[in-house]
Amino acid sequence: MTLTVSAPGRICLFGEHQDYLGFNVISAAINRRIKISGNAVVGRSLSIDLPDITSFEKIDLDNLNTLKNNRDYLRSAFNLLKSMGVQFPQGFDCKIESTIPIKKGVSSSSAMVVAWIAFLLAISGEKENYSSFDIAKLAFKAEVEAFNEPGGMQDHLCAAIGGMLFMDFSGDVKYRKLKNKLNGFVLGDSLVQKDTIGVLSRIKKGFFGAVDMIKKDLPDIDILTASSDIADSYEEKLDRESYRIFAGALKIRDLTSEALDEVEKDSVDEDRIGELFNRHHQILRDNLSVSTPQINDMIDAALSVGAKGAKVNGSGGGGCFIVYCPKKENEVIEAIKKKGGEASKIEIDEGVRVEC
C-alpha cells in the first residue's frame, strides 16, 4: 500500500492576530503545500524522513510515545489518535516534504499537523469517519492545546478545509466558505526568521491585560461588540504597550467587518481591497509592532510599482508578507527581490487531500 496526503499553507487576508482573541478572521489556503508520502512495510513503527529540516523520526505504533520536545507535533498527533482508540494495522516508511516556507508565517507547522492526522486516519482506515472540520479540531488539539501555545485555530481550518474562509471565533468556532473572487497575490519573504510564540504571547498578554483592567470598571462590557472608542478612554490608565495592542485589536476587528462586506459583493473593487490591506498593515506596524524595517521597505517597493495593497502575514516580526497586485505580479516580484527578499505568485487552493 502506498499513500500520499497533502495540505496547504495559508495567508491571513483580514483579521491578523484575531482568532485567539475571539474575533473574526478572513483567510485563504494557498498553493504551497506540505506532502506526506508513505509505503506500507512489515513492522510496528512509522519511520519518518524530514529532508527539509534534516531530521528523522520513528514512532512506535503499539504504545503512546514520549514527546521529545515542546514542538513534537508528530508524536503529539499520533498519541491523540491512539488515546481515542484509533488502530494502526501496519507500519509505514514516510517522507514529509514541503513547498511552504518554514517558520515564515505561512502555517507550515499547522499544515503538517493537518496532513499528518489525515495520513494517520487514512492508514487506519478511519478517515471517512472524520470531516475536514473534525481534522482541523484534532490538529488544533495536537499542536496548540497539547503544548499550551497561544495561537488560535485559523491555520488548522484553512489547511483542512481550504478555499477562502470567514471564521468566527467568538464562541464555538464557526466558519463558512466565501466565493473565491480574489486573485493576483504575491507572497513576499523578508528572509528574516521570527519568534512566533514570543510575538503571540506578547500580544495576547497585552490585549487581555487591558481587558481585565477595563472590566474592573465595566464588568458587563462585551469586548466583541464594544465601540473601538473604549480604548481611547483608557489610554491614561493602561501601560503604553497594552493600550496600543488593545486599540489595534479593536481596529482590526472593525476593519475585518468592512472587508467581509467588500469581498461578499458581486464584483471586486480592487482599489478598495488594496486600501483595506494597507490600513491593516498600518495597524499591525504601528499598534501591534509586528512589522520590521525590511518588510516595510519591501512593501513600499511593491506599492511603488503598482501593487494595490500589502500587509504582514502571520504573527509578524519577520517572515512573510502578502501583496495584492492583480496584473502587476511580475513587477512586484522583481521589486521585492531588488530589496533583498524572495517572492512568488500564489493562488487560493483546496484543503487537505488524499492524492493516491
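- Summarising the geometry, atom CG belonging to L138 is positioned 7.0 Å from atom CG belonging to L121; distances are rounded to the nearest 0.5 Å.
- Judged by distance alone, the side chain of K251 and the main-chain N or O of I283 form no donor-acceptor pair under 3.5 Å.
- Residues passing the ring pair (Phe, Tyr, Trp, His ring centres under 6.0 Å) test with Y73 are F147, sequence neighbours excluded.
- Between the side chain of N63 and the main chain of N65, no donor-acceptor pair closer than 3.5 Å is present.
- The stretch residues 308-342 participates, sequence neighbours left out, in these ring pair (Phe, Tyr, Trp, His ring centres under 6.0 Å) pairs: F185-Y324, F277-Y324.
- Looking at K82, its side chain does come within 3.5 Å of a backbone N or O of L61 through a donor-acceptor pair.
- Between E270 and K328 there is no salt bridge, since no side-chain nitrogen of the basic residue lies less than 4.0 Å from a carboxylate oxygen of the acidic one.
- Among all heavy-atom pairs drawn from A139 and V114, the shortest one is CB-CG2, 3.6 Å.
- The ring pair (Phe, Tyr, Trp, His ring centres under 6.0 Å) test with F78 is passed by exactly one of F119, W116, F88: F88.
- Under 4.0 Å is where a charged nitrogen must lie from a carboxylate oxygen, and between E241 and K205 no such pair does.
- Clustering of Ile, Leu, Val, Met, Phe, Trp and Tyr by side-chain heavy atoms under 4.5 Å joins V173 with V25, F133, F140, V144, M153, L157, I161, L165, M167, F169, Y175.
- Look at R353 and E350 and you find a salt bridge, because one of the NZ, NE, NH1 or NH2 atoms lies within 4.0 Å of a carboxylate O, short of that distance.
- Here the options are F246, Y20, Y243, the test is ring pair (Phe, Tyr, Trp, His ring centres under 6.0 Å), and the partner is F207; only F246 passes.
- For the pair E262 and L276, the minimum side-chain heavy-atom distance is below 4.5 Å.
- The CG atom of D155 lies 4.0 Å from the CZ atom of R10; values are rounded to the nearest 0.5 Å.
- Side-chain N or O atoms of H17 include one that pairs as donor or acceptor with a backbone N or O of S315 at under 3.5 Å.
- Side chains of R33 and S6: a donor-acceptor N/O pair is present below 3.5 angstrom, by distance only.
- Listed by first and then second residue, the salt bridge (Lys or Arg N to Asp or Glu O under 4.0 Å) pairs involving residues 36-55 are R44-D62 (not counting sequence neighbours).
- Using a 4.5 Å cut-off on side-chain heavy atoms (C-beta onward), I245 and N287 make no contact.
- A salt bridge between E275 and K308 is absent, with no side-chain N of the basic residue lying under 4.0 Å from a carboxylate O of the acidic one.
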Can Q154 and S27 be said to form a side chain to side chain donor-acceptor pair (under 3.5 Å), step by step?
-> CA-CA 8 Å; Q154 170 195 178; S27 287; 2.3 Å; yes

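- No side-chain donor-acceptor contact under 3.5 Å links S37 and K35.
- Annotation for I117 and A77: closest pair CG1-CB, 3.8 Å, computed over non-hydrogen atoms.
- Taken to the nearest 0.5 Å, the CG atom of L13 stands 13.0 Å off from the CZ atom of F166.
- In this structure the side chain of L260 never reaches within 4.5 angstrom of the side chain of N24, judged on heavy atoms.
- Looking only at side-chain heavy atoms (C-beta outward), L120 and V86 stay at 4.5 Å or farther from each other.
- In this model, a donor atom of one side chain and an acceptor atom of the other lie less than 3.5 Å apart for E143 and S109.
- Checking N39 against T2 by side-chain atom types alone, no donor-acceptor pair falls below 3.5 Å.
- Considering every non-hydrogen atom in both V263 and K181, the closest pair reads O-NZ, 2.7 Å.
- Of the inter-residue distances, the one linking E329 atom CD with I346 atom CD1 reads 10.5 Å to the nearest 0.5 angstrom.
- A search for ring pair (Phe, Tyr, Trp, His ring centres under 6.0 Å) contacts involving Y130 returns nothing, not counting sequence neighbours.
- Side chain of H280 to backbone of F14: no donor-acceptor contact under 3.5 angstrom is found.
- D349 places no side-chain N or O within 3.5 Å of a backbone atom of A29 that could act as its donor or acceptor partner.
- Look at K237 and D217 and you find a salt bridge, because one of the NZ, NE, NH1 or NH2 atoms lies within 4.0 Å of a carboxylate O, short of that distance.
- For NZ of K204, the number of neighbouring non-hydrogen atoms (other residues, nucleotides, ligands) closer than 6.0 Å is greater than 12.
- V186 has its side chain out of reach of I322: every pair of non-hydrogen atoms, C-beta onward, lies at least 4.5 Å apart.
- In this structure, S83 contributes its side chain and L80 its backbone to a donor-acceptor pair below 3.5 Å.
- In this structure, L67 and S76 have side chains that are in contact, with non-hydrogen atoms separated by less than 4.5 Å.
- Contact of the I348 side chain with the N183 side chain is not registered, since no non-hydrogen atoms from C-beta on lie closer than 4.5 Å.
- Every pair tested for ring pair (Phe, Tyr, Trp, His ring centres under 6.0 Å) that includes a residue from residues 298-318 fails, sequence neighbours excluded, so the list is empty.
- Atom CG in L255 sits 12.5 Å away from atom CG in L250 (nearest 0.5 Å).
- Around CD of E355, the count of heavy atoms belonging to other residues, nucleotides or ligands within 6.0 Å exceeds 12.
- R75 has a carboxylate O that lies under 4.0 Å from a charged side-chain N of D72, or vice versa, which qualifies the two as a salt bridge.
- Within a 6.0 Å radius of NZ in K179, no more than 12 heavy atoms belonging to other residues, nucleotides or ligands are found.
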Can you list the steps and then say if T196 with K194 is a side chain to side chain donor-acceptor pair (under 3.5 Å)?
-> CA-CA 6 Å; T196 299; K194 61 194 196 69; 2.7 Å; yes

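- Within 6.0 Å of atom NZ in K215, 12 or fewer heavy atoms from other residues, nucleotides or ligands are found, so the atom counts as exposed in its surroundings.
- Checking each of S108, S344, S98 against R32 for a side chain to side chain donor-acceptor pair (under 3.5 Å) leaves exactly one that passes, namely S344.
- Side-chain atoms of D168 do not come within 3.5 Å of backbone N or O of K174 as any donor-acceptor pair.
- With contacts defined as side-chain heavy-atom distances shorter than 4.5 Å, the pair L284/K311 qualifies.
- Listed here is the closest heavy atom pair of Q90 and A40: NE2-CB, 3.2 Å.
- Residues S257 and D254 have side chains that never bring a donor and an acceptor to within less than 3.5 angstrom of each other.
- A donor-acceptor pair under 3.5 Å links the side-chain atoms of S233 to the main chain of I230, judged by distance alone.
- In this structure, K104 NZ and D189 CG are separated by 3.5 Å, a value rounded to the nearest 0.5 Å.
- Judged purely by atom type and a 3.5 angstrom limit, R202 uses its side chain to pair as donor or acceptor with the backbone of L288.
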